[in-house]
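Just so we're on the same page: letters track the sequence lines, and every chain starts at 1. Here the structure is a predicted model, which means the values were calculated and not measured.
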Amino acid sequence: MTAAASLEAMIDVHALRQQFPILAREVKGKPLVYFDNAATSQKPRLVIDALVNYYSQFNANIHRGIHSLAEEATAAYEATREAVRAFVNAASREEIVFTRGTTESINLVAYTWARQELKAGDEIIVSGMEHHSNIVPWQMLCAEKGTVLKVIPVTDNGELDMDAFRKLLSQRTKFVSVVQVSNALGTVNPVQQIIREAHAAGAKVLVDGAQSAVHLDIDVQALDADFFAFSSHKVYGPTGVGVLYGKKELLLAMPPFQGGGEMIKQVSFDGTTYADLPYKFEAGTPNIADTVAFKAAINFVNSIGKAAIRAHENDLLAYASERLKTIPGLRIIGQAKEKVSVISFVVDKVHPQDIGILLDNRGIAVRTGHHCAQPLMQRFGISGTTRASFALYNTREEIDALVSGLEKVIKMLL
Amino acid sequence: MAAAATIAATEQEIVEEFSLFDSWDDKYEYIIDLGKRLQPLEAEHKTESNIVRGCQSVVYLIAEEKDGLVYFRADSDAIIVKGLISMLIRVLSGHTPDEIMEARLDFINQIGMMNHLAQTRSNGLLAMVKQMKNYALAFKVKNAAKG
């Protein structure tokens, strides 16, 4: 037995599936095959129960109440912050800011740190495989401040051109914002190396971890990332909760993002002082219930272990890659050496949308289109792909269903 | 000649055709076939301004008026969408602007298409209908100005 196989044996997929109520349902009269995990993962019973339990047992507004419910809700909310801190190995819980999601986390950095620190002519580097959420905030900043956006090109097999990255780095480079794992291709980028080289050039680095946090072990201190952003809902947690990790000294120096309650120390019409970290960045009543339930998702992932999850997902990736290659006219987009369990593909003379509609008719959920990464699609000269992304609860049998479904669907379309 | 039938009658025809199919696979086979048979648009019509906004795939739609009747032609790089628009053309083409603007197009619901397509794709279908009605309105306004 190989190491991977023995690890995989540690995951009892069929028992795990029982923990996800939604996986029991049918779509269009067929058992659901859910392969849209890179868009959002399904939620285990533990997470759903945590949400219900919060509203049933201790719903209250947090941080200022002196009654018991407020204390319990505050304790639960802050317990998630501690769980997140451990999940990404941040040095302190003050470095964990809750947001609405990765998009808001990135925007927060663009609106506060970057707006304060950058001036006309300064350069920001992103990569050619960014999600729109890691492109548009920087374009908006450039339009406002006169900063300049530079783009790391993507190679034919879907990796970052690191030589080109080095050539882009200069004294003008002040910020690098790069995705750790491509949502459209599954490519794992060498962010540790990018951070090291960017730091050597004097630039700060934000890592977009929206796709990586569910698959890879995240250690922001080992990475030496200045900022790290990810979302709960792609890590088996509720929607509407995101995380921004920031190094304490950076967060301290940053102006607040939004003004309001929760983020202040003292308010008067003569002047207002802001709350300590991380509350300075959490104006208004936060998404308490989903944040509380997010801890159940982190516990769930920790209880299985990322290594075991990865071994299982890598097995699915290898199996699916092999099986899909047997389909005539099918071409996998993104053949990076290091990938997570995401497969994007195109089929000759067939539009991804047609594949998506007809697979849906067979109960198979995939994503079709540009995956909010239009520049990357332009790079490959395509308008979109069909993407299947696998999670810990997926099985080889489901991949068989995808492959036979695809064969039928392509026959119908050609 | 299809133009002789009323819009409602053509809608009814389509509903009856679809009632013959047992499964959605059969319905899709039929729609795909319609898509394949729809005459492609010439390259000169495939311009930015002829693109229907709101569709996930690229849909081109053009319209012309002859003797007070509106005729549509369309194309898409996605075949199911092309089949759907082929049905819309069959129903609406060859009618007056008023008839087109007043068309209820209940057949889309009756054949189950609205429920069967994911929301984003239904929106694309609705975007096509809206664009066809917009063309009808534009011809009506133009005629009123002339008259």
Side-chain angles (χ1 to χ4, degrees), chain A residues 25-36 39-40 132 184 329 344-374 377-378 380-387 401 404-414, chain B residues 18 21-38 40-41 46-48 50-61 74-88 108 111-128:
Chain A
R25 71 159 280 183
E26 295 193 336
V27 168
K28 308 277 158 72
K30 315 275 189 335
L32 167 67
V33 173
Y34 187 76
F35 283 162
D36 197 16
T40 196
H132 295 162
S344 242
F345 59 85
V346 291
V347 180
D348 280 350
K349 302 192 192 77
V350 179
H351 196 282
Q353 188 186 28
D354 291 324
I355 292 178
I357 292 174
L358 295 175
L359 285 178
D360 178 58
N361 191 40
R362 311 186 114 68
I364 302 171
V366 293
R367 185 145 293 248
T368 63
H370 53 63
H371 315 298
C372 296
Q374 284 178 329
M377 298 297 116
Q378 290 151 15
F380 284 100
I382 52 182
S383 64
T385 71
T386 302
R387 180 187 75 187
S404 67
L406 266 175
E407 284 166 347
K408 288 207 183 76
V409 160
I410 292 168
K411 199 178 283 173
M412 282 170 79
L413 290 166
L414 284 180
Chain B
F18 268 76
F21 300 122
D22 296 329
S23 71
W24 268 99
D25 258 0
D26 291 343
K27 291 183 188 181
Y28 277 122
E29 293 266 18
Y30 180 67
I31 295 169
I32 289 165
D33 192 50
L34 290 176
K36 286 178 184 167
R37 284 192 285 139
L38 186 68
L41 272 185
K46 293 187 175 177
T47 59
E48 195 72 13
N50 287 333
I51 292 178
V52 181
R53 301 284 156 202
C55 301
Q56 210 190 50
S57 48
V58 181
V59 178
Y60 299 96
L61 179 70
D75 207 343
S76 174
D77 49 351
I79 201 81
I80 293 173
V81 166
K82 216 167 145 180
L84 293 174
I85 201 157
S86 157
M87 286 195 286
L88 290 174
I108 302 174
I111 64 175
M113 211 64 229
M114 206 55 107
N115 288 332
H116 210 262
L117 288 178
Q119 181 76 31
T120 46
R121 283 152 192 159
S122 296
N123 287 345
L125 189 57
L126 293 179
M128 291 191 279

Quiz item: At what distance, to the nearest 0.5 angstrom, does CG of A:N361 lie from CD1 of B:I80?
Solution: 8.5 Å
Exercise. Could you tell me the separation between the CD1 atom of B:I31 and the CG atom of A:L358, rounded to the nearest 0.5 Å?
Key: 9.5 Å
Quiz item: Is there a side chain to side chain contact (heavy atoms under 4.5 Å, CB included) between B:I32 and A:D354 once you walk through the steps?
Solution: CA-CA 9 Å; B:I32 289 165; A:D354 291 324; over 6 Å; no
Self-check item: Those residues that, when tested against B:R37, pass salt bridge (Lys or Arg N to Asp or Glu O under 4.0 Å) (two or more places apart)
Solution: B:D33
Quiz prompt | Part of A:L414 within contact of chain B (heavy atom distance under 4.5 Å) | solution = backbone
Exercise. Find the distance between CD (A:Q353) and OG (B:S57) and round it off to the nearest 0.5 Å.
Key: 3.5 Å
Exercise. Could you walk me through whether B:Y28 and A:M412 pass the side chain to side chain contact (heavy atoms under 4.5 Å, CB included) test, one step at a time?
Key: CA-CA 9 Å; B:Y28 277 122; A:M412 282 170 79; 3.9 Å; yes
Quiz prompt | Qualifying residues under salt bridge (Lys or Arg N to Asp or Glu O under 4.0 Å), relative to B:D25, sequence neighbours excluded | solution = A:R362
